[in-house]
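To start, the structure under review is shown below, and the notes come after it.
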Amino acid sequence: MTTFPHPGIVAGMLLVVGVGTAPDTALCAGESGGAASSPDDASQRAASTAPRVRKATTGTGPVSEYLGNAPNPNEPDTLSTGHIGNLFSPPPGKAPDYWDGLEAHLSVQGGIAGNPWTRSGRNFGQFYTDRANTLTLNQVLGSISHPVTEIGGGYGVGFVAEILYGSDARFDPTIGMADKLITGLYQIAPTQAHIDLHAPWLVSRGIDFQIGQIYGLLGAEGTPALARPLYTFNYASAYIVPFETVGVLSTTHLTAQLDGILGVDAGNSTTFGGAGNNSRPKGYIGLAFAHMMHGKLDGHVIGHFGPQGNNGPTRFSADGWTSIGIGRAANSKMLYNGDVLLTYHFSDRLAATLNATYMHDDITRDDAYGVTSYLAWDINPSLRLNLRGEIFRDNTGTTIAAYTSTTSYTDMLRNAPYPYYIALPTTYGELTVGVTYKPEFVNRHIKFGKFQVRPEIRLDKSLNGTQPFNRAATVEDPVVRHGTNNMLWFSCDAVWSF
C-alpha cells in the first residue's frame, strides 16, 4: 500500500534468506496477495483473488496467480466438476450450466498483537495490526464469484464481488466506493468488483481481461487473511505497493509457462473525478511465470508507474495537521513501483520465496526498498512452520508511518488533514517465526469450512541507530526520536473460512 506522508516532512547488511509458502499452496502475488494457503483454503483463495489459480505441475507449492486463470477454449468441457461452486449443483444426470459455477465464500479473522513495552498503544510500522494489546475483529470477508467459463466461440466470462468488514477496512478503502460510510474502528470496504473476460485474440492461448476494482499485483502478502502466511505484514507489502486499483488489466498467455501483464488504472485506492488523486493515468507492466525448472520455480517481475500525488490544494485543520495536496505539480510527479517475486519448491513439504520491492516517489524524493524472504515447512497435515526475515530501507523517514485516527488513512487519500507520526530515516530489520495450526479435533466437527490459528513471535529493529518504536509524537514534531530501537511482540489470530 503506497503511502503519501506529509510532503513537508522529508528528513533526510544482511540479506535475509528463507521465504515462502508451503506444499499444496496457492501463491497470490501482491496485495492481490503473495501468501500461503493450503488445499483446504483453495475455494476461499479462488474467490478472494482476481484471477483463478492453477496448481504447479508437481501438485504442490505456490504458483503465480496470473497463469491458468482462464479455461482452455480448445477443451470441450470447460465447466468441469472442479468449477462447480458451493451455491448450486446440477441434479444427477443433468449437464451443468453456467450458473452452476456460482460460488460464495466467507472468512472471519480475529486476533491480538501483544506488545507489553509500548507506551503509544501502537505497533509502529503496521496497518492491520497497529493496535497493541487489543483483541480485534480484523475482517469478515465475503464474496460471490464465478470462474471464467466458456460462453462460445472461445470467449469466456466470469466475475468477482467481494466486501470486507472489520478493523482492516480502515486501511483498505477505495475512494469513491463507500469510503467513510462507517468511521469507527470497524469499517466496511468493497475490495473486489470486477468482470473477468477471456478472448481468443493475438496468441493461441488468448488474453484475459479484468475490468473494475481488483487487488494490487505487487508484494508478497495480501489483504485476505489466507493470502499471507502470518498474521502481521512485512513492511514492503504494507507500505510501498498498491492495495486496490480500479481500471483494466490484461493477462496475455504467451506460453504455457509465461504471461504478459499490462494494465491501466486510476491509482492506489482511488477512482476517478472527484474521487481521484490527479488527472493522469497509471498502470502495470510485467511478466509472470510458473512451473519453470521442472515445475519448481514460480514468480513475477511487475512494475506499476504513474503520478500518484494529489493535485488539490494543501488543507489545514484547526489542530495543526495538513493534507497532502500539492496542486497541479502532482500531475507530473511520478511514483515508481517495482516488484520481483521468486518461489522455489524444494519438495512437497518445503518451499522458499524471495521478494524484492522498490518505490521511488518524486514528491517526497524518497527511495524505499526492501528484501523479504520466507520459508514454509509442512511438518504434518495440521501444522506448518512459517519463517520470515526482512530488511527494509526508508531513505527519508516519510514512508513508514503510523496513522493515528480511525480515518487517518482515508483522509490522507482524500486530501484532508490527517494525524500521523513517522520516524527518522531508518533501515528496518524484521524476523518473524510463526505456525499455522489446523486442529483436526475441531475441524472434524465443523460442518462448513475450516478453522486455524496462527501464533507468532516477531522482533523489529532499527539497524541504523534510530529509535522509532513504542512511542508516539506530536503535531508540532510528528517524528519519533526517543522511542526504542527494537520492538518485540507476540501475536495470534484465528481464521474460520469456507
Polar side chain donor-acceptor pair, N268 to H304, under 3.5 angstrom: no
Y428 and P468, any side-chain heavy atoms less than 4.5 Å apart: yes
Test log, rule side-chain contact (heavy atoms from CB on, under 4.5 Å), inputs L141 and E162: CA-CA 7 Å; L141 188 70; E162 181 183 81; 3.7 Å; yes
Donor-acceptor side-chain pairing of T474 and D477 below 3.5 angstrom: no
Parallel, tilted or perpendicular: rings of Y344 and F346 (30°, 60°): perpendicular
Modelled atom types, side-chain donor and acceptor of N311 and K333, under 3.5 Å: no
Chi angles and distances behind the side-chain hydrogen bond (donor to acceptor under 3.5 Å, both in side chains) call for S462, N485: CA-CA 5 Å; S462 166; N485 68 358; over 6 Å; no
Test item: side-chain donor near acceptor, T432 and E430, under 3.5 Å: yes
Heavy-atom donor-acceptor pair, T314 side chain to G325 backbone, under 3.5 Å: yes
Full working for side-chain contact (heavy atoms from CB on, under 4.5 Å) between T484 and N470: CA-CA 6 Å; T484 61; N470 297 326; 3.0 Å; yes
Sidechain-backbone polar pair: T134 side chain, A132 backbone, donor-acceptor under 3.5 Å: yes
Pair V480-Q467, side-chain contact (heavy atoms from CB on, under 4.5 Å): steps then yes or no: CA-CA 7 Å; V480 179; Q467 298 175 316; over 6 Å; no
Whether T118 side chain and S120 backbone form a donor-acceptor pair below 3.5 Å: yes
Aromatic plane relationship, Y235 with F392 - under 30° parallel, 30 to 60° tilted, over 60° perpendicular: parallel
Ring centres under 6.0 angstrom apart (Y336, Y358): no
Under 3.5 Å side-chain donor-acceptor pair for T232 and R458: yes
Check against side-chain contact (heavy atoms from CB on, under 4.5 Å), R315 and R414: CA-CA 11 Å; R315 298 186 171 96; R414 276 198 168 276; over 6 Å; no
R393 side chain vs G370 backbone, donor-acceptor pair below 3.5 Å: no
Close aromatic pair by centroid cut-off 6.0 Å: W321 and Y420: yes
Candidates D367, D366, N337 - the one meeting side-chain hydrogen bond (donor to acceptor under 3.5 Å, both in side chains) with H360: D367
Any side-chain donor near an acceptor of the partner, N138 and Y231, under 3.5 Å: yes
Donor-acceptor side-chain pairing of Q213 and T174 below 3.5 angstrom: yes
N/O donor-acceptor pair under 3.5 Å between N415 side chain and P313 backbone: yes
Exam field: side chain N486 to backbone D460, donor-acceptor pair closer than 3.5 Å: no
Heavy-atom donor-acceptor pair, D196 side chain to Q210 backbone, under 3.5 Å: no
Heavy-atom closest pair, residues N310 and L413: ND2-O, 3.8 Å
Side-chain donor or acceptor of Q139 paired with backbone N/O of T223 under 3.5 Å: yes
Heavy-atom donor-acceptor pair, S237 side chain to E221 backbone, under 3.5 Å: yes
Reference residue Y418; test side chain to side chain contact (heavy atoms under 4.5 Å, CB included); the match among T404, T322, I324, T407: I324
Geometric class of the Y128/F233 ring pair [parallel <30°, tilted 30-60°, perpendicular >60°]: perpendicular
Mutual orientation of the aromatic rings belonging to Y409 and Y403 [parallel < 30°, tilted 30-60°, perpendicular > 60°]: perpendicular
CD1/I285: more than 12 non-hydrogen atoms of other groups inside 6.0 Å: no
